[in-house]
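Data block below; observations after.
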Amino acid sequence: MNATSTRILIHGASGRMGQALLRLAAEQPERYSVVAAVTGRPPAQRVVDGVPFFAAAELAAVPAFDAAIDFSLPEGFDPVLALCRARGAPLVSGTTGLSEAQRQALAQAAEGIALVWASNFSLGVAVLAELVERAAAALPGWDCDIVESHHVHKKDAPSGTALTLGQSAQAGGAQPRYASLRAGDIVGEHLVQFAGPGERIELVHRATNRDIFARGALHAAARMVGRAPGQYRVRDLLD
Ligand code: NAD
């Protein structure tokens with residue numbers, strides 16, 4: 001472990017995002033040191049490439065960490081939030097499909113720890129959200145439809161990113177409707193369409209590689225260390 005690297009806990013480590021996080025963190029040992037990898041089911045191996053693995057049921061036994069990164073499922077969210085509260089550590093979460101009660105618990109936890117939850121950690125989507133708000137404000141009365149496409153394994157619909165883009169549309173005065181497609185191995189596509197009489201605008205973001213989300217989450221985790229309690233946005237942690 002490098003003395004100046006950020007000690008990271010990865011929650012949801014056996015998943016698609018977890019694997020990307022482990023690989024990208026290992027490529028930058030001077031910045032990140034994964035001190036615990038937590039999986040929903042008991043891990044097949046206790047140590048992989050020097051990283052200790054834990055089952056979700058063993059969460060209380062993980063060693064000290066500077067920040068936790070959670071890309072799991074809604075049922076895994078409450079325990080990792082409780083762990084971060086108990087340890088006074090920041091939490092970076094990209095888990096989507098959280099319930100209203102979980103979102104309230106997140107807001108309450110932000111009184112004691114630094115938190116960032118985002119439906120999408122990519123820079124492109126942050127820019128798209130701004131464009132959507134601007135288009136909605138400039139096109140009153142136009143129909144606004146958000147169509148999201150993801151791989152067949154994605155459980156929640158509409159996607160968290162679609163809902164975030166919908167909030168931007170609402171902030172601009174539109175009333176968005178949602179449609180979801182689940183097909184093949186699509187990493188993530190979001191189309192925001194504005195339709196008026198005789199014309200149409202389509203704003204699209206296509207993710208072709210989930211490394212963009214993992215990279216953003218690792219960056220956010222390093223930036224969260226030492227911050228005052230509160231809820232941060234991805235854009236607060238850029239630069
Ligand atoms: P996945 O199904 O491949 O992996 C899920 C992981 O969570 C696995 O490691 C599994 O063992 C673990 N898990 C399941 N139940 C658990 C529990 N109770 N406690 C602890 N761990 C548990 O999913 P994925 O494609 O890696 O996506 C994970 C989450 O991240 C989803 O909610 C997805 O929508 C979201 N996601 C967010 C972004 C973003 O930028 N915010 C990007 C991609 C995916």
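Each ligand, and each atom within it, is numbered from 1 in the order the structure gives. Index from 1, following the sequence. All of these numbers come straight from a predicted model, not from anything done at the bench.
In terms of protein heavy atoms, atom 17 (C) of ligand 1 is closest to Gly76 CA, 3.5 Å. The protein non-hydrogen atom at the shortest distance from atom 35 (C) of ligand 1 is Gly94 O, 3.4 Å. In this structure, the protein non-hydrogen atom closest to atom 31 (C) of ligand 1 is Ser72 O, 3.5 Å. The protein heavy-atom contact nearest to atom 4 (O) of ligand 1 is Gly15 CA, 3.1 Å. Looking from atom 44 (C) of ligand 1 to the surrounding protein, the closest heavy atom is Met17 CG, 3.7 Å. Nearest protein heavy-atom contact of atom 38 (C) of ligand 1 is Phe71 CE2, 3.5 Å. In terms of protein heavy-atom proximity, atom 1 (P) of ligand 1 is nearest to Arg16 NH2, 3.7 Å.
With a 4.0 Å cut-off on non-hydrogen atoms, Ala217 does not touch ligand 1 at all. Contacts of His11 with ligand 1, taken as heavy-atom pairs under 4.0 Å, involve the side chain alone.
Within ligand 1, counting atoms from 1 as listed, the ones closer than 4.0 Å to a heavy atom of Ala13 are 9 (O). Atoms of ligand 1 found under 4.0 Å from any heavy atom of Gly12 (numbered from 1 in listed order, with element): 6 (C), 7 (O), 9 (O), 12 (C). The Lys154 neighbourhood of ligand 1 comprises atoms 34 (O), with distances under 4.0 Å to a heavy atom of that residue. Contact atoms of ligand 1 toward Ala118: 41 (N) (distance under 4.0 Å to a heavy atom of the residue). Atoms of ligand 1 found under 4.0 Å from any heavy atom of Ala56 (numbered from 1 in listed order, with element): 19 (N), 20 (C). If you number the atoms of ligand 1 from 1 as listed, the ones under 4.0 Å from a heavy atom of Glu75 come out as 18 (N). The atoms of ligand 1 that sit less than 4.0 Å from any heavy atom of Asn120 are 39 (C), 40 (O), 41 (N).
Checking only distances, Ser119 does come within under 3.5 Å of ligand 1, N or O to N or O. Looking at ligand 1, you'll find an N or O of Ser14 within less than 3.5 Å of one of its N or O atoms. For the pair Thr95 and ligand 1, the shortest N or O to N or O distance does not fall below 3.5 Å. For ligand 1, the polar-atom distance check finds an N/O of Gly40 within less than 3.5 Å of one of the ligand's N/O atoms. Between Gly18 and ligand 1, no pair of N/O atoms sits closer than 3.5 Å. Looking at Thr96 next to ligand 1, an N or O pair under 3.5 Å apart turns up. Checking only distances, Leu73 never comes within under 3.5 Å of ligand 1, N or O to N or O. Distances between N or O atoms of Phe121 and those of ligand 1 include at least one value under 3.5 Å.
Proximity of a side-chain donor or acceptor of Gln175 to a complementary backbone N or O of Cys144 within less than 3.5 Å is not detected. Judged purely by atom type and a 3.5 angstrom limit, Gln102 uses its side chain to pair as donor or acceptor with the backbone of Pro74. Under a 3.5 Å cut-off, the side chain of Thr161 and the backbone N or O of Ser119 do form a donor-acceptor pair. Although no hydrogens or angles enter the test, the distance criterion places no donor-acceptor pair under 3.5 Å between the side chain of Asp70 and the main chain of Ser93. Arg46 places no side-chain N or O within donor-acceptor distance of the main-chain N or O of Pro52, the cut-off being under 3.5 Å. At least one donor-acceptor pair closer than 3.5 Å links the side chain of Glu58 to the backbone N or O of Ala55.
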As a quick check of understanding, evaluate side chain to side chain donor-acceptor pair (under 3.5 Å) for Asp156 and Thr96, giving each step before the final call.
CA-CA 7 Å; Asp156 52 312; Thr96 62; 2.7 Å; yes
Please report the C-alpha distance between Arg223 and Asp236 in whole Å, then the side-chain angles of each, then the deciding distance to 0.1 Å, and finally whether the salt bridge (Lys or Arg N to Asp or Glu O under 4.0 Å) criterion is met.
CA-CA 9 Å; Arg223 294 296 166 115; Asp236 299 328; over 6 Å; no
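Using modelled atom types and a 3.5 Å distance limit, the side chains of His190 and Ser159 yield a donor-acceptor pair.
Enclosure of atom CZ in Arg206 is not indicated, since only 12 or fewer non-hydrogen atoms of other residues, nucleotides or ligands lie within 6.0 angstrom.
How far CD1 of Ile69 is from CG of Leu9: 9.0 Å, rounded to the nearest 0.5 Å. In this structure, CG in Leu21 is found 9.0 Å from CD1 in Ile8, a value given to the nearest 0.5 Å.
No cation-pi contact links Arg87 to Phe65, judged by a cut-off of 6.0 Å to the six-membered ring centre and 45° from its axis. Annotation: cation-pi pair Arg233/Trp117 absent, no NZ/CZ under 6.0 Å from the ring centroid and within 45° of its normal.
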